[in-house]
Amino acid sequence: MKIKAQNFNLKETLESGQFFRYKKEGAWYYCFERDTLFKIRQSGTCIEFSGTTKDHIVRLFGLDEKYEKSLKELGRDKTLARVIRKYKGLRIMRRDPWETLISFQASIMSNIKKIKLNMELIAKAHGKKLLLDNISGHTFPKPGELKDIEKLKACSLGFRAKYIHAANNIVTDKKLKELSKKSYGQAKEELMKIPGIADKVADCICLFSLGHTQAFPVDVWIERAMQKYFKNKKAKPKDIRLFAQNRWGKNAGLAQQFIYHEARNENNP
DNA sequence: AGACAGGGGTAGG
DNA sequence: CCTACCCCTGTC
């Protein structure tokens, strides 16, 4: 199936550290989310995919968002205008909340390569096999299906295994869905009751899966970049987050994605 | 080759 | 504020 998408860059979006379960094969990205395996590629404004529905693609990549409007607003900020031009088409994804929650618990003191490995190992140990063309992988377990802590530990999660195990015992799909209807503040507060979820991880879940677009996750990259752009070397993560939300409001999350992307690219030539 | 540091933070002192 | 934390990976 083919659809048109203006102002969308598949590569920048998928490879910007918000999504971890994909395999690249030529121009195709084979993407895994919960029980679905689909493939997708882009040529200009044409998006081609198979293995899932149009609705899923539109929602997952935020193609129904008022992206142009957000960019226009952010672009008034001279500090951002340059990176927006450079990475135009980079979107905030709207992923499955449960899988997002686990991904970012796994992200603590880790790196993208290892997060991808962890997620693949969790799926392989608990999920069912999926096949599309000659690419295989596994479904992601549902909340409640990660009750064997030893099995989790075997997924190279280290100290994170206990966090994920705890989340598995607390969270349901229904509860997570409800968080998208609550306010950003309430959703974040609820998430932070779960072990292994504090400010940064909660903001990632809010932003990448619950539609709380003002969430502004502050990791070390964002911290360094914001200190540099706004010349405040002593700013602490909380100050930076509040500064950003005050400055960019509902577009703060999108601003974060651009700043993060640029910071990572500057340091990984 | 084998040791060593460090990486998308968090919780507990 | 400070530190330990599991484990993979890159580097010396």
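By convention in this document, chain letters (A, B, ...) are assigned in the order of the sequence lines, proteins followed by strands, and residues within each chain are numbered from 1. Because only heavy atoms are used, hydrogens play no part in the values below, and waters and symmetry mates are left out as well, while side chains stay in.
- Regarding A:Lys234, its NZ atom lies at a distance of 13 Å from the P atom of C:dC1, rounded to whole Å.
- The NZ-P distance, from A:Lys200 to B:dA11, rounds to 13 Å in whole Å.
- Distance A:Ile108 CD1 to B:dG12 P: 12 Å, rounded to the nearest Å.
- Proximity of A:Ser156 to the phosphate of C:dC7: no side-chain N or O atom is located under 4.0 Å from OP1 or OP2.
- Contact annotation: the side chain of A:Glu48 approaches that of A:Trp28 to within less than 4.5 Å [non-hydrogen atoms, C-beta and beyond].
- Between A:Phe20 and A:Phe104, a ring centre-to-centre spacing shorter than 6.0 Å is recorded.
- Per the geometry, CZ belonging to A:Phe159 stands 10 Å off P belonging to C:dC7, to the nearest Å.
- Within 4.0 Å of A:Phe104, counting heavy atoms only, lies no atom of the nucleic acid at all.
- A donor-acceptor pair under 3.5 Å is formed between the side chain of A:His126 and the backbone N or O of A:Ile122.
- Applying the 4.0 Å criterion to OP1 and OP2 of C:dC7, one finds that A:Lys153 has every side-chain N and O outside that range.
- Residue A:Lys162 has a polar side-chain atom (N or O) positioned under 4.0 Å from OP1 or OP2 of C:dC6.
- Between A:Lys228 and A:Glu266, at least one side-chain nitrogen of the basic residue sits less than 4.0 Å from a carboxylate oxygen of the acidic one, meeting the salt-bridge criterion.
- Looking at which nucleotide of DNA chain C each of A:Tyr163 and A:Lys114 is closest to, the 5′-most match is held by A:Tyr163.
- Annotation: C:dC6 and B:dG13 have their P atoms spaced 15 Å apart (nearest Å).
- Using a 4.5 Å cut-off on side-chain heavy atoms (C-beta onward), A:Leu130 and A:Ser136 make no contact.
- Distance from the side chain of A:Lys113 is smallest to C:dT9 among B:dT10, C:dT9, C:dC6.
- Within the nucleic acid shown, A:Pro195 comes within 4.0 Å of sugar-phosphate atoms alone, with no base atom in reach, counting heavy atoms only.
- A straight line from CZ of A:Arg160 to P of C:dA4 spans 17 Å, rounded to a whole angstrom.
- Taking atom CE of residue A:Met109 and atom C1' of nucleotide C:dC6, one finds them 12 Å apart after rounding to whole Å.
- We find that CG of A:Leu117 is positioned 6 Å from P of C:dT9, with the value rounded to whole Å.
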